[in-house]
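A quick write-up on the structure given underneath.
Labels below follow one simple rule: chain letters A, B, ... track the order of the sequence lines, proteins then strands, and each chain is numbered from 1.
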Number of protein chains: 2
Amino acid sequence: MKKTESDILKAAEELFLEKGYEATSTTDIAKVAGCNQALVHYYFRTKEKLFTKIFTEKFKIILGSLKLEKDFDFRASLNHFIDTYFEMLTHNRKIPFFLINELIMREDRRPIIRAAISQEMSYLQYYTEWDKMIKDEISKGNIRQIETMDLTLNVLSLIIFTFISLPLYSDFFEKDENEISHYLQHRKEEVKKLVFQGIGLE
Amino acid sequence: MKKTESDILKAAEELFLEKGYEATSTTDIAKVAGCNQALVHYYFRTKEKLFTKIFTEKFKIILGSLKLEKDFDFRASLNHFIDTYFEMLTHNRKIPFFLINELIMREDRRPIIRAAISQEMSYLQYYTEWDKMIKDEISKGNIRQIETMDLTLNVLSLIIFTFISLPLYSDFFEKDENEISHYLQHRKEEVKKLVFQGIGLE
DNA sequence: ATTATCTATAGATCTATAGATAATGC
DNA sequence: ATTATCTATAGATCTATAGATAATGC
């Protein structure tokens with residue numbers, strides 16, 4: 001890939017994640033990339049096509065991290081999931097808000113993620129195994145009665161909201177980068193405590 | 001207030017909450033309000049002023065519902081908080097995403113909420129009482145060791161994320177209004193279970 | 001020759017205002 | 001008289017493309 005092309009991609013990524021689709025112009029992108037505005041269209045034809053490229057790429061980063069370690073027992077498996085999800089988002093802090101924002105604002109983008117999910121058929125299988133594991137733990141009396149969807153939503157809520165609210169948290173309480181990274185570690189441990197104890201694990 | 005003026009306000013509210021500031025034009029607002037585009041500026045001068053009016057109004061709705069029932073014991077108090085917060089958001093489903101979205105996208109709006117909070121000095125006091133209650137419960141051994149900020153974030157994450165993700169949930173799983181309202185009730189109960197059990201209450 | 005880059009511009013917005021006209025209140 | 005509403009338009013975008021020029025590869 002030509003340097004200019006990758007510069008444009010990088011600039012677009014930075015701006016779309018920072019300001020969203022609407023507030024980003026191809027003129028802005030060219031300025032950040034250090035090239036002519038016409039070149040943005042030369043390489044990617046339309047703003048929408050350029051956006052979709054970045055959008056699907058970011059979604060796949062998220063999707064790719066949603067894996068289940070089936071060699072572990074349930075507790076280790078859940079623990080590992082929270083660790084890896086937190087870790088991945090720590091290095092991609094803006095992605096959760098970016099994806100949710102664009103999916104809520106523009107309904108026509110929702111088919112993109114449906115397609116990406118069904119393309120990777122393994123995820124349906126992951127969920128089935130996850131569901132089986134949970135039902136198993138309940139029947140063994142290791143955790144309380146809970147629906148798989150509820151446990152999933154509990155974990156996702158606690159993790160994703162942490163990252164969505166992060167810019168507001170760090171701004172409001174005037175935290176620097178070092179404090180933020182301690183905060184994220186701290187929240188991760190608290191999320192584990194709440195979830196483990198909250199379903200009766202331990 | 002003149003009918004036209006309130007029509008414009010209503011139209012602006014609908015559009016800003018649905019599509020956000022950037023994607024809403026004063027021409028759109030006029031169209032929905034059924035009046036001339038110039039009238040939007042006649043009554044509110046600028047798009048920004050009109051937006052700020054709605055933004056602060058919506059924020060105050062949220063802030064106003066964050067009250068603490070100090071006559072109750074801790075458990076009843078937390079239970080009551082989750083009930084009222086869920087209830088309020090059920091009738092204002094789009095507000096959480098709207099506020100977070102505009103606060104993240106435009107840093108210059110953050111002072112608006114700082115001002116609104118410090119104007120209502122009572123909220124500092126609420127938090128102090130809340131903090132005292134929690135420390136008290138911990139020292140009595142009624143709940144596990146937890147920082148007030150963590151418990152607050154746990155509860156807010158679980159509730160707010162429910163509403164932020166709601167349009168995606170209902171779209172993805174093709175739920176109708178009736179199912180959605182059952183879902184919200186169901187999530188509320190699950191949030192209570194997780195939080196109560198997760199801090200060792202019961 | 002082909003590909004990359006630039007200049008220039010068409011055509012479609014969008015915000016905000018000036019100035020004309022209509023409606024309302026005393 | 002005052003207030004509300006409309007028409008028209010200035011000036012600032014913004015996307016996308018056409019066509020000229022420069023750089024690169026065989």
Side-chain angles (χ1 to χ4, degrees), chain A residues 1-58 98 101-109 111-112, chain B residues 1-58 98 101-109 111-112:
Chain A
M1 194 188 291
K2 265 241 128 207
K3 186 178 175 303
T4 306
E5 187 175 355
S6 63
D7 283 350
I8 292 170
L9 258 181
K10 248 181 70 186
E13 176 179 323
E14 182 189 324
L15 290 167
F16 283 143
L17 267 94
E18 184 66 35
K19 296 143 58 78
Y21 181 81
E22 287 291 339
T24 300
S25 71
T26 53
T27 313
D28 291 339
I29 294 169
K31 207 174 294 165
V32 172
C35 73
N36 193 278
Q37 183 259 343
L39 279 175
V40 177
H41 291 89
Y42 173 75
Y43 282 110
F44 301 96
R45 231 176 70 70
T46 68
K47 181 183 165 186
E48 186 71 33
K49 279 187 204 302
L50 174 54
F51 177 85
T52 304
K53 204 178 180 73
I54 288 160
F55 183 78
T56 47
E57 182 204 316
K58 295 304 165 194
F98 169 71
N101 184 34
E102 300 294 346
L103 285 171
I104 288 179
M105 289 299 197
R106 293 269 307 266
E107 302 194 18
D108 55 312
R109 278 176 195 140
I112 298 175
Chain B
M1 193 188 295
K2 265 238 126 208
K3 186 179 174 302
T4 308
E5 186 175 357
S6 63
D7 283 351
I8 292 170
L9 258 182
K10 248 179 71 185
E13 176 179 323
E14 182 189 325
L15 290 167
F16 283 142
L17 268 95
E18 184 67 33
K19 295 143 59 77
Y21 181 83
E22 288 293 339
T24 300
S25 71
T26 53
T27 313
D28 291 338
I29 294 169
K31 207 174 293 164
V32 172
C35 73
N36 193 278
Q37 184 261 343
L39 279 176
V40 177
H41 291 89
Y42 173 75
Y43 281 111
F44 301 95
R45 231 175 72 70
T46 68
K47 181 182 165 186
E48 187 70 34
K49 280 188 203 301
L50 174 53
F51 177 85
T52 304
K53 205 178 179 72
I54 288 161
F55 183 78
T56 47
E57 182 204 315
K58 295 304 165 194
F98 169 70
N101 184 34
E102 300 294 346
L103 285 171
I104 289 179
M105 290 299 199
R106 292 270 306 268
E107 303 193 18
D108 56 311
R109 278 176 195 140
I112 298 174

Exercise. Is a side-chain donor-acceptor pair under 3.5 Å present for B/Gln37 with B/Thr27?
Worked result: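 No pair is found: no donor N or O on one side chain lies under 3.5 Å from an acceptor on the other.
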
Exercise. Does the side chain of A/Asp28 come under 3.5 Å of the side chain of A/Ser25 through a donor N or O and an acceptor N or O?
Worked result: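 Short answer, yes.
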
Problem set entry | Between P of C/dT3 and OH of A/Tyr43, the distance in whole Å |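 These atoms are roughly 11 Å apart.
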
For this session: Return the value, rounded to whole Å, for the distance between atom CG of A/Leu39 and atom P of D/dT21.
Result: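 Whole-Å distance recorded here is 17 Å.
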
Polar atoms only, N or O, under 3.5 Å: list the protein pairs with nucleotides 12-19 of chain D and their distances.
unit_1 : atom_1 : unit_2  : atom_2 : d
D/dT15 : OP1    : A/Thr26 : N      : 3.4
D/dT15 : OP1    : A/Lys47 : NZ     : 3.2
D/dT15 : OP2    : A/Thr26 : N      : 2.8
D/dT15 : OP2    : A/Thr26 : OG1    : 2.8
D/dA16 : OP2    : A/His41 : NE2    : 2.9
D/dA16 : OP2    : A/Lys47 : N      : 2.9
D/dA16 : N7     : A/Gln37 : NE2    : 3.2
D/dA16 : N6     : A/Gln37 : OE1    : 3.2

Problem set entry | Gap separating the SG atom of B/Cys35 from the OH atom of B/Tyr42, nearest 0.5 angstrom |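 One gets 12.5 Å once the value is rounded to the nearest 0.5 Å.
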
Problem set entry | B/Asp108 side, atom CG; B/Glu102 side, atom CD - distance, nearest 0.5 Å |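 Separation between the atoms: 10.0 Å.
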
Exercise. Do the rings of A/Phe51 and A/Phe16 sit parallel, tilted or perpendicular, given the 30° and 60° boundaries?
Worked result: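 The arrangement is perpendicular - the two ring planes meet at more than 60°.
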
Exercise. Applying a 3.5 Å limit to both distances, which nucleotide forms a Watson-Crick or G-U wobble pair with D/dT21?
Worked result: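 Here D/dT21 is engaged in a pair, and the nucleotide opposite it is C/dA4.
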
Exercise. With both distances kept under 3.5 Å, what pairs with D/dT9, Watson-Crick or G-U wobble?
Worked result: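 Partner of D/dT9: C/dA16.
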
Problem set entry | Residues A/Glu48, A/Arg106: salt bridge by 4.0 Å N-O rule |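 Salt bridge: yes.
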
